[in-house]
Every structure is written in structure tokens, then in C-alpha cells.
2 protein chains.
Amino acid sequence: MHTLRLLALASGLVAATPALAQQGTKADPTVLAKIKDEGLNRSKVMETAFYLTDVCGPRLANSEGLNRANQWTQKQLTSWGLTKATIEPWGTFGRGWDIEKSYVAMTAPYYHTLIGAPKAWTPSTNGPLKKQVVVVKATTEAELDKYKGQLRDKIVLLDVAAPKIGFEPDAKRYTAEELQRMADYKLEAAAAAPTSAEMEQRLAARRAMLALRTKLSDMILSEGAAAILSSRGGSDGTFFTSNGAPYAADAKPVLPELEMAPEDQLRLIRLAEAGIPVELELETRTRFQSQDLKGYNVVAEIPGTDKKLKSEVVMLGAHIDSWHAATGATDNAAGCAVMMEAVRILKAAGVQPRRTIRIALWGEEEQGLFGSRGYVKNHFADPATMKLLPEHEKLAAYFNLDNGAGKIRGIYAQGNEAAAPIFQEWLKPFADMGATTVTLRNTGGTDHLSFDAVGLPGFQFIQDPLDYGTRTHHTNMDTYERLPADDMKQASVLVASFVYQAAMRDQKLPRKPLPAAKPEQRM
Amino acid sequence: MHTLRLLALASGLVAATPALAQQGTKADPTVLAKIKDEGLNRSKVMETAFYLTDVCGPRLANSEGLNRANQWTQKQLTSWGLTKATIEPWGTFGRGWDIEKSYVAMTAPYYHTLIGAPKAWTPSTNGPLKKQVVVVKATTEAELDKYKGQLRDKIVLLDVAAPKIGFEPDAKRYTAEELQRMADYKLEAAAAAPTSAEMEQRLAARRAMLALRTKLSDMILSEGAAAILSSRGGSDGTFFTSNGAPYAADAKPVLPELEMAPEDQLRLIRLAEAGIPVELELETRTRFQSQDLKGYNVVAEIPGTDKKLKSEVVMLGAHIDSWHAATGATDNAAGCAVMMEAVRILKAAGVQPRRTIRIALWGEEEQGLFGSRGYVKNHFADPATMKLLPEHEKLAAYFNLDNGAGKIRGIYAQGNEAAAPIFQEWLKPFADMGATTVTLRNTGGTDHLSFDAVGLPGFQFIQDPLDYGTRTHHTNMDTYERLPADDMKQASVLVASFVYQAAMRDQKLPRKPLPAAKPEQRM
């Protein structure tokens, strides 16, 4: 205890006490020092990340890997002393799908193994295929028509842009200037958003592109092609996987398809376009399950200890599902490991939170934030009707982490002007760890949006980007190697302290005005 | 012709005439302008590179791909009007080896396809294997002994360092400062070379490492392991291949072995070390041929036209063999394509060289500069005896290109102080193309060394490094995408002009003093 008081003094936490007190909090600086000490000196975050990634494996929505991860996290959270650890269904998702075999090679004009993986929810080849290829390139429906009668029994190659030589580094950290720009962001700046005419134009272009893609898929299928090799980009042996998968129980049939490393795809295309016969050998074996179409979240709690406040809840979460070509390390085992580590630290630090702390590991985020949206609808409100459920008023705050494995540099206040100065105060003891920035800016693409959509205070942290956008996110290279231990430890400590502060504060976090019902957002 | 004179004026080639004349040359500035025009405006260098890489495929020493490339280049050089195009044996190399199938996947604890390729000259698995793994890590012989009795029927996993997150770009170009440092290099600076004590220490460390590696291989084999998975590094799906292969006709037996992407290798190792049973499925089918153990070079000529000088030869060359996991685009289809383009440009420009120009595409460079060393021994001199053959005095110069696909920034004069000012003069018209630097520095690792070793003036160009050292050289990602067309065109023009100048000069290039015989260099 003495050591911890020294630590508290050294880290400036004791000095911060008066400011904390002004906010109306019972947060104890000694506990904050314990959090730092536990998280930096006895971290288990990398061990947790190892289990989520390597041991559980890829965690595609409703896959066996996701099921393994759900089981493991439920058990692990319980072993750390959390209560009510539950694998809670959020609603109907769709079919389960796993890979049993994937092999693709060029066998003529010479042998070469190719790098790729079955596109999610595509069927098996039913044994090995050995077929010629045909390249299909079309930017209009008229161009598509030219391929009629040419695709039967062929493996169709779709085009991809050539990767660029790497004059730019994959990974970066935010500079002081970039962080300052975020801090300086004003809500009125949202006026710089595209005009409705621009938006309409973009939407029309997107609709046309999707229509062409649908027509392309339909034609390849109806013309009797054997399989598809496509590529969504990448470089150096890294390839991206894509959205828009046929997981619904009643999805229309599609062909076996592999998503390929662009270097391999482009070699095949160049050869075929030069008139050199290209033969591929291809075998995919995938397994569907339709026994259980439900999706799940894993939730667990540290019960509150304050008679008045323990019915209120501070939530923290991250999505546990991933794409399937790697182990979803930065997207988002990192976020889950950090959130799990945060609650482990809180338990290890012996925290007695006034409010209940609840961790949620969301399922099916990658297919459309389904896990968190389902949870919010079941517990808080449906944004389509905005009829509030009793739990709605009990949520003090939700904190999310889903921008890779980089350390936390601050937090997006998501337009919540009243919350910003509170976060500024909470960040103060972490200036020496690089986290100083509160921005009013919104950030999207992940599960805090589900809370924000029904007027609940949901926030996402700002993280150093590292190589998340360029190399790991949705690729076959989203692996354990991409997780820098120091960043993961820093993030764990910071999240634990935020959650602790939110649990000890006299008031819940301030909220923005309730949004209007959005019938089109029916879930 | 008129257009070309204008071009010549515009490019400063005409202004250079007096200086060229001072050197005693009949080089015609109009021809130099034609070279530039043909090489920049009607280039075929990328088409040539496509055939060497994609169409011929990997070109491992004495492989079918190398044989295809030899046949194709002989035909192609002939079609451009070169004479005496010959696939010329240089001596005995060893066995031919090609891959017919390569498949490796983790099948437990879950399915995951792995990125890797059979190590060169390793045998087949004789059908698919399905085996448990064992991790072997040893830095001393004593540590090795601990694995006795544990390897039977297992797939052995060897360790590899974890790849780093990419905060540094893969590719770069030389800065003005770096080029200036090369230009400022003084021969005496060689004194900064390691002392013989340091050298002895390094050699001892290397010998110990090699001894350990041999013992490791012997033990894995004698203990009855089923196969080996190793990794020589890389990142992002890129892996390196390694030297030290058993290509000799009487090489001792080795196990099937795959060289793996480190991310995949490390996942297996982490799982196995955590006590989680890992099962792999593995199939390699490789084909040896011992019918023809010879190695070959491809040579072809543009005959000289000067009665007195046509018996003298200006040579240019690059090695045509590659490693096997990709198509050897930067190592060294790029060099071959540029050298071939240089002679094509010279033919297209209608050059009438005083001396004979001879291109050589060397075989088996990757295994020890064998093609060029054999050629030099057969035609010029054996460095072991330094008995000079009659052709020795006829070689005016040899120019080599083997540092990837980056544009030429100058030339290594290889300690030849008399040659340096001549090169400086020849570079003058190319300052606007970024080639200005002559350095006295030696550069090693490739075929000009075979000439230098017998006192012949052999030179290698300085090229922008791009991602040669970091990403492409000896990896599975040494593919056509890595060849920037503008760099390749610039290099072709520059080489063509150097060769032309050397063929037109009154004197052969100056030589360094003849080296002493080195009996240990017997080939």
C-alpha cells in the first residue's frame, strides 16, 4: 500500500485529487496508481491476445472460431472474478461457415502455388478442379455482354489494381500536429460535409457499381463458370477480404470463390491476356451450419458496491468477431484483449466500484455492428421507434476500442460537449503515457455507434494508427505479430482508469439530446 | 535524322562532342540521341521482362524455367538481329530440380493454409503427410542434444525472428548526399576494413554457426523426423529463400523442407510451445533430373565493323537464373531485360560499332557466380593460375547490372582510377536522367567480380535500391509488379550508351594491374 502511495505521488495522481473531487467523484488516487502498476508491471494482455488470436483462431461471424472465443472469454472472465459471465444471444444472424481446406495453384504454363483464401460463405468446389481460366474485365453492362458464351467450365479471373512499390511506410503514429488538429475540431466544422448534390452523385455511382457487380455475379453463375478468383487488393503477400457475403439462411447460390494476393492474381491475368493457356488446380472445402443461426455477445460484470448507484452500469466493449483469412489480431482481438485486461486490472487492483461495470465482447460487428445493435435494441431502445426501455436511463457510459493495436492518444467525445471537459480531467494523469487529446469529432465504423444511435453516451478512443489501415485490417496478415505489447499495456491501463472514473463519479456521463426515431434503422 | 539532330541538341549530346573527341572516340552524338529516343519512346524492356518473369517462370539453376528462359532469350536476341546467339555450357553445375506440388496447412487446432515453398533441392514428401509438430531451438550443441528421441515421425519447426511493424518504408532512392559520399570515396578508405583479428573472430563465429546447423540437420535426419518447416525471415506474407542447397549429384540426403512466411511459422511455434497439439498436413512433390548436370550461359553478338578493332569485345551481362519462390523479377530478370533492351536499342539505332559487342546472360549466379566464373575461366583466365588465354587481351570492358530494377545513378569504377574520368565523361549527357556518380568503391556479390578476379575491367552500375534489399531479393515477392517501367527504360538507355562508347573508343578501357594467381580460387 505504501509503495502505491509513492507511485501515486510520482505519477501525479495524488496532485490530481482536488480536481477529481471538484467533479464530484469518489475515485481514489491510490486505486488509480494500483491500476497503473498492475497494468504495466503484471500485464496479462499479451497472453489474452495470444488466446484470442492463435488459440481460438479466425473468428468469423457464427464460425467455430468465434464460438471457441466466446466459450474461452466467458470462462476467462469468470476465472478473474467477474460475475454473470454470459454468452447472450442478440438475435438472428445467419449461417455458420468454416474452412476445411483451401488449395490453389497454377499448373500451366508451369507450377506455382498461389496465395489466397475462400471468400467468406462461398461453397466448396466438391473436390479438386483443374480448369482453364478466362479474364473478365467490364466497367459497363455492355462490356459484360461480350463474355457471354465464353465462361462455361472456366475459372473466371476478376481484375485488381497493381500494388505500389513501398516508398511510404505501412505504419505511423499520430504527430503532435495531427492530435492538435483533432483537439481544435469545432462542431460547426461539420458544415464542410459534402452537399446533398455531391452525396447524391456518390450514391448514384455506388448504386451503379453495385448493380454492375450483381449483374457480373449473376452472369458468371448463369453462364456456368466453375469458380471465381478475385482480389480486393493488398501487397507483398498480404490480401484483403471483402464484405457482402451470402450468410443469410436464404441467400441465393454463389460459385466457389477465392480472394487472392494481387501479385498472384495479376500474374495469371497477364499470362491469360498474352494468350498463354493458364490452367489452375483449385480445391476448397467449406462447411456450413444452419442449426444455430443466432448471433451472440459475451457479457460479464464487476458488481457495483454503492447502494444507490449499483443499478447503474458503466460498459466497455470491443467486437470479438473477425474476418477469416487471419486471426483478427488488430481487428479486433486487440480491443477485446485490452478491454478484458482492463477489467482484470480492476479486479486485481481490488476496486470497489460504485456503479456496476459490464464488459461486452460483441459478435458479428464485421457484418454490420449486429451484436451491439442487437444488444442495444434488447436492453436500451430500438432506434426505429426510440421507445426507451428501463435500462436506458441506467447506462452511465459506454467505452469502445476498435482501431487496432496502437496506444491510446485520447478519446472521441462524439459531439458531446459536456463530456469533453470530464475526459480532459481524466486524461491528465496519463499525459506522460501519450494520451492527452479530447476531440469533439465523431468517429464511425464500430460499436459505440449503436449506443449513440439511441442517445446513449458511447465513445471510442483515439489510437495510434500503426499499420491498421494499410496492412492488417481485414487482411490475411492480421496476426499476433502486429500487437505491440507496450501499446496494448498502455491502452489497458487507460481504459481501466476511465471505466473506474466513470463508475465512481457522482453523476452519469452527460448525454446529448435524444435523437428522433429513425424507422429506416429498424433492426 | 533531322528529328534526331534536334534531339541531340536538346539533350546536350552535340555539345558533348569535343570532350568525346578528346578521349579518342568515334562515338557519334546522333547515334547517342537515337539510343535515347529508341529506348525512351519505343521501349520493349517491359515486354522482355514479362517474358522472362511471368512466361518463363522461376529460373532456379538448372531448372526447367531457366531452360525455357535460355531458349527464349537465344531466339529473341536472334530475332533482333544479333549473331551467334548460343546457349554455351560453362561446366558442370549439378542436378536440376523443379516443384510439381506444394501444399502445407495447419489442420489442428483449426484449419489454416500456410504460406511457404519447398526449400530448393529438397525431396518430395511422397504423398500427403499428416503429422504433429515439435519445435527445435538450439544455440549450442548441448541444447541440441536435449531433443534426442523426440523427433521421430514429427514435423520439426525451426525458429525465426518476429517481423517488425513497418514504420520504415520498404523502398528508397539514393539521396544527393548518399551519392556524393560514394563520389567522394577514396581508395585509401579501404583501410577502414575490419582488422584480421576481427575477421578471424567473425569467421570463427560463422564456422561455429555452420557447424551447429550441420549438426542440427544431421540430427533431425538421423532421429527420423518426417519433414522440416523453417523460415529465413520476411514479413507481410513475404518470405526469403536460402542458400546452401544440396544440388550436387552426390549431395547427401536431406528431409523434405519448406521455407515459410514468418507469421505462419511463428503461429505454429507459439501454439506448440503453449502445449497445444498442432497437426500439419503437408505435401511436396519435387522432380530431380540428373541427365544434364551442365550449367549454361546465353551469349550473342553485334559484330564489330572496324577492321582493326572488331576482334576486340565489349561485353555486357546479367544473370538469368533466379530463386524459385517467385519469378526473379528484380533478381535478376530486370538486369537481363535491361541488357537485352540495350542491345536491341543498339540494333534499332543502326549502330555500327567498331568493336564487337557481346551480351551474356549468366547461369547459376545465385549458387556462386558459376556461369560467369566458368565463362571467364574458359575464355580469359583461371584466377587459380592466372595463365592468360588469347582472348584476355581482347576484352575492352565488361558491364554488369544486378542490383534490382532501380534506375542507374552512376557506376562503381571498382578501384580502377584510370577508368573513372572516362565514365565521368560518358555520364555527362545523362545528368538530366539522374545518373551522375562515379565511385572508386568496389561492389560485390555478382558477376563483374569474375572478370575483376583475372584483371579484366569489369564494372557494375549503381542503381536506386528501391525495395530490393528489403522486399524482393530472394523472396516469394520478386514479381513483375516490382519493375518500374521508367527506371527500366532509363537503365536501358544508359547501358546502351556506355556499351556504344566503349565500342567506339580508340583504346580499350584501362586495366588495373594483373592480380597474383590465387590457387584457392580454382574453379
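Chain A is the first sequence line, chain B the second, and so forth, proteins listed ahead of strands; every chain is numbered from 1. Quantities reported herein were computed from a predicted structural model and do not represent experimental measurements.
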- So, the part of B:Asn476 with a heavy atom under 4.5 Å from chain A: the answer is side chain
- Query: If you measure only the distance, is there a donor-acceptor pair under 3.5 Å linking the side chains of A:Glu283 and A:Thr125?
  - Reply: no
- Can you name the one residue among A:Lys119, A:Gln265, A:Glu259, A:Glu257 that meets side chain to side chain contact (heavy atoms under 4.5 Å, CB included) with A:Leu229? A:Gln265
- Query: What residue in A:Asp98, A:Ile276, A:Leu271 has the most heavy-atom pairs under 4.5 Å with chain B?
  - Reply: A:Leu271
- For chain A, which of B:Gly65, B:Ala162, B:Gly237, B:Ala117 has the most heavy-atom pairs under 4.5 Å? B:Gly237
- Is it the backbone or the side chain of A:Ala261 that comes under 4.5 Å from a heavy atom of chain B, or both, or neither? neither
- Closest-packed option against chain B by number of heavy-atom pairs under 4.5 Å, given A:Asp170, A:Asp236, A:Thr238: A:Asp236
- List the steps, then state whether side chain to side chain contact (heavy atoms under 4.5 Å, CB included) holds for A:Ile155 with A:Leu282. CA-CA 9 Å; A:Ile155 295 172; A:Leu282 177 60; 3.8 Å; yes
- Heavy-atom closest contact (B:Ala61 atom, B:Leu66 atom, distance): CA-CD2, 4.0 Å
- Item | Partner chain B: residue of A:Lys164, A:Arg270, A:Glu481, A:Glu263 with the largest heavy-atom pair count (under 4.5 Å) | A:Arg270
- Task: Name the option with the most non-hydrogen atom pairs under 4.5 Å to chain B; the candidates are A:Ala105, A:Pro58, A:Ser102.
- Result: A:Ser102
- Is the count of non-hydrogen atoms from other residues, nucleotides or ligands lying under 6.0 Å from B:Gln71 atom CD greater than 12? yes
- Message: I'd like to know which of B:Glu64, B:Met106, B:Arg173 tops the heavy-atom pair count under 4.5 Å against chain A.
- Response: B:Arg173
- Pick one: which of A:Val104, A:Leu157, A:Ile115 meets side chain to side chain contact (heavy atoms under 4.5 Å, CB included) with A:Met260? A:Val104
- Item | Pairs of heavy atoms under 4.5 Å with chain B: top-ranked of A:Ile165, A:Asp467, A:Thr475 | A:Ile165
- Message: Parallel, tilted or perpendicular, judged at 30° and 60°: which one describes the rings of A:Trp121 and A:Trp97?
- Response: tilted
- Query: Given the options B:Thr107, B:Leu466, B:Thr327, which has more heavy-atom pairs under 4.5 Å with chain A than any of the others?
  - Reply: B:Thr327
- Does any heavy atom of chain B fall under 4.5 Å from the side chain of A:Phe239, the backbone, both, or neither of them? neither
- Query: Is the distance between the ring centroids of B:Tyr468 and B:His473 less than 6.0 Å?
  - Reply: yes
- Query: Tell me, side chain or backbone of B:Arg471 under 4.5 Å from chain A's heavy atoms, or both, or neither?
  - Reply: side chain
- Message: Can you tell me which portion of B:Thr53 sits under 4.5 Å from chain A's heavy atoms? Options are side chain, backbone, both or neither.
- Response: backbone
- Item | Max heavy-atom pair count under 4.5 Å with chain B, selected residue of A:Glu100, A:Lys101, A:Arg267, A:Arg68 | A:Lys101
- Item | Shortest non-hydrogen contact from A:Thr472 toward A:Met477 | CG2-O, 4.1 Å
